[in-house]
Structure formats: structure tokens, C-alpha cells
Q: 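One structure coming up, written as C-alpha cells, with questions to follow.
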Protein chains: 2
Amino acid sequence: MNPIENISQQFAAHKYKLTRQREAIVQVLLDNEKEHLSVEEVYMLVKNSYPHLGLATVYRTLELLSELHIVEKMNFGDGVARYDLRDDTHAHMHHHMICHVCGRLEEIKDDWLLDLEKRLEREYGFTVTDHRLDFKGTYGTCKHTGCKRDKEKKAV
Amino acid sequence: MNPIENISQQFAAHKYKLTRQREAIVQVLLDNEKEHLSVEEVYMLVKNSYPHLGLATVYRTLELLSELHIVEKMNFGDGVARYDLRDDTHAHMHHHMICHVCGRLEEIKDDWLLDLEKRLEREYGFTVTDHRLDFKGTYGTCKHTGCKRDKEKKAV
DNA sequence: GCTCATATCGTAACGATTACTATTTAAGGG
DNA sequence: CCCTTAAATAGTAATCGTTACGATATGAGC
Ligand SMILES: [Mn+2]
Ligand SMILES: [Mn+2]
Ligand SMILES: [Zn+2]
Ligand SMILES: [Zn+2]
């Protein structure tokens, strides 16, 4: 099943309408799945396919997608919320590697935490339903070279 | 060496003055190390020991403590930044367990990610300098009981 | 005590998000 | 079809956490 069809069904299952506005927004997310777009960025991009769409609708739709667990609302410390498509083949959120030299952000889709989740259950009686794991560091290729971005964005 | 003395030295090493205001703020953090206080909460608490202290000073001081890696600025999705004391005996940030039934938040001070860090180095040439790991789930004691807090705070 | 960089204070400005009101859309029933 | 009604959108005002600013205070070194 293609992604948009899948999402359409999730909308229907929760009695939400997949309006043209919502579909345009979802399409922007699918077309930019490697990015971690902010509301403003989605707003700018969706204008190409739906010029008249309002900013408030982007806010409301992304909130809705978050509620349906289609996207994850994340905060990377730059002052805006960013929305990350979840993979429907994995129960838990994927992991991130963030290079603080060049700013590159890569994803690890496999769940590397399954052993630790068992350990939490054993040692604390804590059942994991989701998680967030971000690694901060540097890529070997970045260590000694002047990378594109050089900490231009101050954490907020 | 007691904590306040230790922090005092870090200030000195970076040519920052440990003013009475800053010391009062640090003391609030030390006295509430189990909490994850917001700026506003620190502001209210510090008024007990230093009634005239200004809000802007709290903002600036917490930012400074973050820069010195004495605290970690975190966002748990409730709309405010929260500040978490780092343990100077561990190089990397500690982990969290967050119960979405009762809202309880506990810490795991040991670094459970050392093996995964080696794997990142091997497989991606990525050297980890820090990380953030939050587990979301439920404690066994919370599963079937009506806990104190019941999702009263909506994620933001 | 004088100088000057550093820090504080109170508040205005900023900007992301939310809340609100009017308007539009579309599903369901006659 | 048309009517009713709930859901969704648009545009914008209000909110609120945070940052920036100008004036004042502090205190280390001379
Ligand atoms: Mn991602
Ligand atoms: Mn903590
Ligand atoms: Zn997992
Ligand atoms: Zn680690």
C-alpha cells in the first residue's frame, strides 16, 4: 500500500476527513522525508501545490498527524518544533545521529534499544512504549575539515 | 569536594564571577536535583533566599550554566525549557524514564549506551560526544491504578 | 578611590504558537 | 436536490516564553 493511501485509511479510521489541504501537507512531508521540517518550512513548501493554504491549518494538521502517530513532534533546541515522519513498520521512534561540526542529521531506523527495554522491564518494572534517542558527535569525515556549516545556529 | 565548591572552580576557570545571585540560583538547583525545573520555577524558588533577584538574571545564569555543561537544557514538550543538573562523574548525559500514566520521571545515571557508541564508531565512523535518551512507558505499579496525574498536561 | 569590564535589573520587543470568529465545506436525512 | 449540522479552514488577534536593550550597580586590579 502506498504511503498516502495508508495515511488516508488512518484518517478514516479516526473519523477525520482527508481534505485537499491535509493531503497537500502530507505530500510535502512525504516528498521531504529526509528533512525535519518546521511549521514555517512546511508552510512555504505547501504553497507550491496549494497557494491559498493558511498557516493555522498547517499548525492544526501537523498537530493532528502527531496525534495519529504519523509524525513525531520534536524539539532539537533551535526554537521551533520540527516534524518527523514515523516509520509504520517500527513500533518505536527511530534514532538520530547529529554532527555538531557540520550539522548533518542522519537516522537509524532499526531499534537498537530492544535489549535495554528488556532490562528496564526486569530491573525497574518499567514497560517501554516509545523512546527518543539522539546521539551527538562528529563524523570521521568532519573531524579535521572545515565543514559547510560551522555551528552557525546557536542552541535555543 | 562539595558541589558548590566544584562549580565555583568551573566559574573561575572560565573567568566568570560567582556572584551572590548566581550562587543562589545554583543552590536552588542543588537543593532540587530530583526536579527538572523551568526558569519560572527556579525564579519562584530563588526568591526565598534572594528576594530581589530578577527574572532576566535567571535566564542568563541558566544559559551560562548550560554553556559550562553544569546543567543540560532540555525540552520535554510542555512548552518550557527545563534545566537538569549533569553529573560530573559521567561524560555523557544521563537517561530518563517517563511514565505517561502518572507523569513520574526517573533517572538512570549509568551510561547504558557505551556498546552502541562503539557500534556507531565502527559502522558509521561517528564519534559520540553526548546523547539524549528518554524512555516513555509505564511503571508496573501504574498500569491498572488511577495515578495522581492523569495526562493533565497536554504535550506542546 | 578610580577605571573599566562584567553583571544585574526592569522592561520592551520578538516570535512561535494558540485561540477566536467568521466563513466554507461536505456528509447525511428528508 | 435542498436543508441541517458538524467539521474544517482562513485570517488575525492574543498569548506567553524568551531575548534584547539601556541604565545602573558591582568589584577586581591599579
Ligand atoms: Mn528523524
Ligand atoms: Mn534528568
Ligand atoms: Zn524500542
Ligand atoms: Zn554515552
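Throughout, protein chains are lettered first and strands after them, A, B, ... in sequence-line order, and every chain is numbered starting at 1.
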Q: Hey, which of these two, A:Y50 or B:E40, hits DNA chain D nearer its 5' end, going by closest nucleotide?
A: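 Closest to the 5' end, via its nearest nucleotide, is A:Y50.
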Q: Separation of A:L65 atom CG from D:dA8 atom P, in whole Å?
A: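 After rounding, the reported distance stands at 13 Å.
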Q: In Å, rounded to the nearest 0.5 Å, how long is the span from OG1 of B:T127 to NZ of B:K118?
A: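 If I round to the nearest 0.5 Å, the distance is 13.5 Å.
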Q: Kindly indicate whether the side chain of A:R60 and the base of C:dA19 share any N or O donor-acceptor pair separated by less than 3.5 Å?
A: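 No, no donor-acceptor pair under 3.5 Å.
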Q: Write down the distance between CZ (A:R82) and C1' (C:dA16), rounded to a whole number of angstrom.
A: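 Answer to the nearest Å: 12 Å.
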Q: For DNA chain D, which residues in residues 5-27 of chain A have a heavy atom at a distance below 4.0 Å?
A: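 Under 4.0 Å from DNA chain D: A:Y16, A:K17, A:T19, A:Q21, A:R22.
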Q: Output the single nucleotide from C:dT17, C:dC9, D:dG11 whose closest atom is nearest the side chain of A:H52.
A: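 Of C:dT17, C:dC9, D:dG11, D:dG11 is nearest to the side chain of A:H52.
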Q: May I have all residue pairs that pass salt bridge (Lys or Arg N to Asp or Glu O under 4.0 Å) and include part of residues 25-46 of chain B, sequence neighbours excluded?
A: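 Residue pairs with at least one partner in residues 25-46 of chain B: B:E41-B:R82.
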Q: A:Y43 OH to D:dG11 P: how many Å, rounded?
A: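 Result: 7 Å.
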Q: Kindly point out which of D:dT18, D:dG11, C:dC9 is positioned nearest to the side chain of A:A56?
A: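 Nucleotide nearest to A:A56's side chain: D:dG11.
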Q: As a test of reading the structure: which of D:dA20, D:dT18, C:dT17 is closest to the side chain of B:A81, going by heavy atoms?
A: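 Given the options D:dA20, D:dT18, C:dT17, the side chain of B:A81 is closest to D:dT18.
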Q: Distance-only check: which donor-acceptor pairs under 3.5 Å involve side-chain atoms of residues 42-50 of chain B, not counting sequence neighbours?
A:
from	atom 1	to	atom 2	distance (Å)
B:Y43	OH	B:K47	NZ	3.2
B:N48	ND2	B:L45	O	3.3
B:S49	OG	B:V46	O	3.3
B:Y50	OH	B:Q21	NE2	3.2

Q: Take the protein atom NZ of B:K73 and the nucleotide atom C1' of D:dT19, then report the distance between them rounded to whole Å.
A: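 One finds 10 Å between C1' of D:dT19 and NZ of B:K73, rounded.
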Q: Would you mind reading off the distance between B:E63 atom CD and C:dA7 atom P, rounded to a whole angstrom?
A: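 That distance rounds to 14 Å.
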Q: Please give, in whole Å, the distance from D:dC16 P to B:Y59 OH?
A: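 Computing the B:Y59:OH to D:dC16:P distance gives 13 Å.
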Q: Which residues satisfy the side-chain hydrogen bond (donor to acceptor under 3.5 Å, both in side chains) test with B:D115, sequence neighbours excluded?
A: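 Listed in chain order: nothing, the list is empty.
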Q: Rounded off to whole Å, could you give me the OH-to-P distance for the A:Y83 and C:dT17 pair?
A: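 A:Y83 atom OH is separated from C:dT17 atom P by 6 Å.
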Q: Please list all pairs meeting ring-ring contact (aromatic ring centres under 6.0 Å, His included) that have one or both residues in residues 7-31 of chain B, counting only residues at least two apart or in different chains.
A: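 Those involving residues 7-31 of chain B do not exist here.
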Q: Considering residues at least two apart in sequence or located in another chain, which fulfil the side-chain hydrogen bond (donor to acceptor under 3.5 Å, both in side chains) criterion with A:R132?
A: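 A:D134.
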Q: Can you tell me how far C1' of D:dT19 sits from CG of B:L62, to the nearest Å?
A: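 In whole Å, D:dT19 C1' lies 14 Å from B:L62 CG.
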Q: Using a 4.0 Å heavy-atom cut-off across all strands, classify A:L55 as base, sugar-phosphate, or nothing.
A: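 No contact.
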Q: Kindly compute the distance separating OH (A:Y124) from CZ (A:R119), expressed to the nearest 0.5 Å.
A: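 Spacing of OH (A:Y124) from CZ (A:R119) equals 7.5 Å.
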